[in-house]
Number of protein chains: 2
Amino acid sequence: MPRSRKPGLAEVAARAGVSLATVSRALSQPKMLQAETLKRVHEAARELGYRPNRKASALASGRSRTVGVAVPTLNSAIFAEALQEIQRTLYEEGYQLLVASHEYDPLAESVAIGELVSHGVDGLIVVGGERLRATWDSVEAAGIPLVQMWCGVDRFDCVGIDNVHAGWLIARHLIDLGHSRIGVITGHQRHNDRQRGRLRGIRNALSEAGFALPGAHVSEQALSVGSGRLGCATLLELSERPTAIIGAVDLLAIGAAIEAQGRGLVVPDDISFAGIDNLEFSAHVAPSLTTVEVPSAEIGARSARHMLDLLRNPEPKGHVTLPVELVVRRSTRPPPRA
Amino acid sequence: MPRSRKPGLAEVAARAGVSLATVSRALSQPKMLQAETLKRVHEAARELGYRPNRKASALASGRSRTVGVAVPTLNSAIFAEALQEIQRTLYEEGYQLLVASHEYDPLAESVAIGELVSHGVDGLIVVGGERLRATWDSVEAAGIPLVQMWCGVDRFDCVGIDNVHAGWLIARHLIDLGHSRIGVITGHQRHNDRQRGRLRGIRNALSEAGFALPGAHVSEQALSVGSGRLGCATLLELSERPTAIIGAVDLLAIGAAIEAQGRGLVVPDDISFAGIDNLEFSAHVAPSLTTVEVPSAEIGARSARHMLDLLRNPEPKGHVTLPVELVVRRSTRPPPRA
DNA sequence: TTGTATGCGTTATCAG
DNA sequence: CTGATAACGCATACAA
């Protein structure tokens with residue numbers, strides 16, 4: 001066997017008959033070299049099967065060409081869509097993705113972000129704008145660009161949507177149909193500004209219309225189909241049963257509708273259901289789900305692009321708010337005449 | 001402001017009145033130090049807000065405490081489940097995840113894996129066992145542990161399932177119900193050994209029973225609900241329409257069933273549908289989907305644990321095959337009497 | 001048990 | 001344009 005260990009800049013340099021420094025330049029600042037030299041170096045590198053060692057490069061240059069992403073969970077259609085786009089976009093520019101998840105736990109997020117920073121990520125992408133003071137501190141101490149997704153605090157960049165408006169839109173739709181007794185199944189409000197925003201929007205629409213949203217009409221659940229069923233079960237047992245139920249995310253709405261159907265109710269004749277997110281699935285369930293389109297994939301793509309901008313020039317670029325839009329399908333209709 | 005730049009081992013050492021090396025040890029091999037010294041160092045580190053610089057640590061030690069994962073796509077319930085568990089498991093042991101996706105493109109996978117290796121990952125987790133020769137070469141050249149998920153070639157470790165058996169199981173179920181004219185919607189066979197295995201299993205069951213699976217009864221599609229609908233549309237237009245349709249993944253089966261229902265067919269009275277994967281969703285669609293349970297999350301968890309073992313001791317540990325199991329629900333029943 | 005000194009593979013700063 | 005050479009921040013063999 002010819003070579004046993006991995007070749008480094010030194011080996012390439014020797015083979016090309018130039019200095020180590022020249023090889024380094026050939027690989028990172030090609031235009032700085034003579035065409036002739038450049039060719040020799042590239043050839044030598046190829047022949048030796050040279051692979052740059054990013055760890056060393058990162059240490060010497062301070063930049064690692066990695067971006068850290070901390071999401072609540074990887075196991076979510078929403079975040080998966082966004083992540084896929086983030087990965088694709090960053091990858092095109094030669095960046096690798098370092099991912100962490102924290103299960104909606106602020107402390108875990110703090111540790112995770114600290115870990116990402118320790119690993120020397122050049123930038124950080126996170127979800128939402130609510131986090132521990134200590135987390136913000138360590139982000140600022142790191143001195144690297146930050147992009148918040150979905151929503152975020154003013155002083156850092158953000159690519160997201162108006163969650164309040166999304167909530168308002170879907171509630172308004174039901175109100176317009178004639179509903180006044182509306183139930184809501186939402187994710188946990190604590191530590192989740194997206195969910196809080198959506199609920200607030202729903203509240204706003206209701207109160208604008210002169211209707212109330214009693215605490216009993218709001219069921220806080222985990223974010224899964226099963227939890228949607230649970231939440232629906234609770235709401236259906238109210239003495240004054242709602243004529244429509246909003247799931248603050250489609251997953252909950254879909255679970256809820258399934259539960260109602262399981263109990264013999266006809267959707268939307270007996271009761272309406274609506275969500276927020278517009279999952280691919282929501283168009284295919286029976287009946288298809290009325291919802292609010294939230295461009296998850298685009299949030300991911302734009303966040304990544306935003307990050308690339310910041311990496312090039314660290315000046316904050318502010319907030320980007322993507323439009324959301326009501327998507328009316330078959331799961332909603334006017335309430336049955338009492 | 002007291003300190004402007006980030007403290008390093010040197011600063012901590014100075015403050016604790018020990019040598020740089022001692023601090024290094026205090027953080028990585030605590031048991032090597034006197035309790036008293038250890039305490040002093042930790043205190044100094046805490047007071048200075050010391051954060052280890054993994055880039056430097058990686059370069060000096062050769063180990064980066066990162067694991068690379070290359071999946072076809074992040075935007076898939078299956079891979080998302082597995083990834084979540086991988087992340088959770090590795091994270092507990094202090095490892096970070098470097099993820100890449102390649103859209104089922106072998107060349108892209110090759111580049112992605114090369115990139116991960118360049119970044120110095122300590123181990124590699126991939127999906128399936130089919131990849132370019134060049135990719136295998138670079139994996140071997142890297143000299144780091146590899147774990148294949150779902151299925152893989154013999155000479156590298158693998159945590160997966162028997163895809164052939166999964167296909168066999170679901171086909172056998174339909175055959176047992178009395179079906180003989182079965183249609184299949186599968187993902188692209190090329191570059192996807194999981195899909196090939198499943199189709200082969202289906203073929204085996206059919207031929208064991210003395211039935212044929214004509215080419216026209218197999219529709220190759222992308223892996224999405226929409227593609228399932230498409231595939232179903234094709235199969236329904238055959239002169240000898242199948243009495244049952246298998247989706248090689250639940251996503252396809254669900255899409256197919258939706259398409260059939262959209263065309264006025266009653267499932268399962270007019271036509272049966274079955275899948276493989278057992279997505280959370282599959283239990284909730286109407287009618288609930290008969291399928292084969294594939295423990296995606298466990299594949300992820302066990303792969304990660306397997307990787308941790310390999311990281312500790314690089315001796316290959318062979319293949320782990322997790323059991324799959326038929327889950328009979330409401331979407332299948334005997335064919336209608338002609 | 002602790003300190004000293006060297007090197008990890010690149011980048012970047014100076015000269016030449 | 002190219003060649004020496006000093007960091008980068010930490011791990012570790014070796015010495016004490």
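Below, chain A is the first sequence line, B the second, and so on; all start at residue 1.
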(message) I'd like to know if the side chain of B:Thr22 pairs up with that of B:Ser19 as donor and acceptor (distance under 3.5 Å, no hydrogens or angles considered).
(response) yes
(message) Is it true that, when you exclude B:Arg190 itself, more than 12 heavy atoms of the residues, nucleotides or ligands shown sit nearer than 6.0 Å to its CZ?
(response) no
(message) Whole angstroms only, please: what is the CG-P distance between B:Asn53 and C:dC8?
(response) 18 Å
(request) Return the residues of residues 10-23 of chain B meeting this criterion: a heavy atom under 4.0 Å from some atom of DNA chain C. Order them by number, or give none. (result) B:Val18, B:Ser19, B:Ala21, B:Thr22
(message) Is it the case that the side chain of A:Arg65 and the backbone of A:Glu93 share a donor-acceptor pair, with hydrogens and angles ignored and the cut-off at 3.5 Å?
(response) yes
(message) Rounding to an integer number of Å, can you tell me how far A:Lys6 NZ sits from C:dG9 P?
(response) 10 Å
(message) Tell me whether A:Ser61 contacts the main-chain N or O of A:Ser57 through its side chain, where contact means a donor paired with an acceptor under 3.5 Å.
(response) yes
(request) Please state whether the base of C:dG9 and the side chain of A:Arg54 form at least one donor-acceptor pair under 3.5 Å? (result) no
(request) Considering non-hydrogen atoms only, spot the tightest contact between B:Ala16 and B:Val41 and give its length. (result) CB-CA, 4.0 Å
(message) Under 3.5 Å, is there a donor on one side chain and an acceptor on the other for A:Gln84 and B:Glu103?
(response) yes
(request) Would you indicate what B:Ser57 reaches in the nucleic acid, counting non-hydrogen atoms under 4.0 angstrom: base, sugar-phosphate, or nothing? (result) sugar-phosphate
(message) In the structure I gave you, are the side-chain heavy atoms of A:His191 and A:Tyr104 within less than 4.5 Å of one another anywhere?
(response) no
(request) Please determine if A:Asp309 and A:Arg305 form a salt bridge, counting it only when a charged side-chain N lies under 4.0 Å from a carboxylate O. (result) no
(message) Nearest 0.5 angstrom please: B:Leu107 CG to B:Arg131 CZ, how far?
(response) 13.5 Å
(request) Mind calculating the distance between CG (A:Leu48) and P (C:dG9) to the nearest angstrom? (result) 15 Å
(message) What is the separation between atom CD on A:Gln29 and atom P on C:dT10, rounded to the nearest whole Å?
(response) 15 Å
(message) Measure NZ/A:Lys55 against P/C:dG7 and give the value in whole Å, please.
(response) 19 Å
(message) Rounded to whole Å, how long is the line connecting atom CG of B:Leu38 with atom P of C:dT1?
(response) 12 Å
(request) Walk along DNA chain D from 5' to 3' and tell me the first and last nucleotide with an atom closer than 4.0 Å to a non-hydrogen atom of chain A. (result) D:dC1 to D:dG9
(request) Using whole Å, report how far NE2 of B:His119 lies from C1' of C:dG9. (result) 15 Å
(message) Nearest 0.5 angstrom please: B:Asp105 CG to B:Leu132 CG, how far?
(response) 8.5 Å
(message) Under 4.0 Å, heavy atom to any atom of DNA chain C: which of residues 59-67 of chain A qualify?
(response) A:Ala60, A:Ser61, A:Arg63
(request) Would you kindly give the CG-to-P distance between B:Leu9 and C:dC8, to the nearest whole Å? (result) 19 Å
(request) With heavy atoms under 4.0 Å as the rule, sort A:Thr37 into base, sugar-phosphate or nothing. (result) sugar-phosphate
(request) Evaluate salt bridge (Lys or Arg N to Asp or Glu O under 4.0 Å) for B:Arg88 paired with B:Glu85, printing each intermediate quantity in order. (result) CA-CA 5 Å; B:Arg88 216 176 46 65; B:Glu85 287 304 303; 2.9 Å; yes
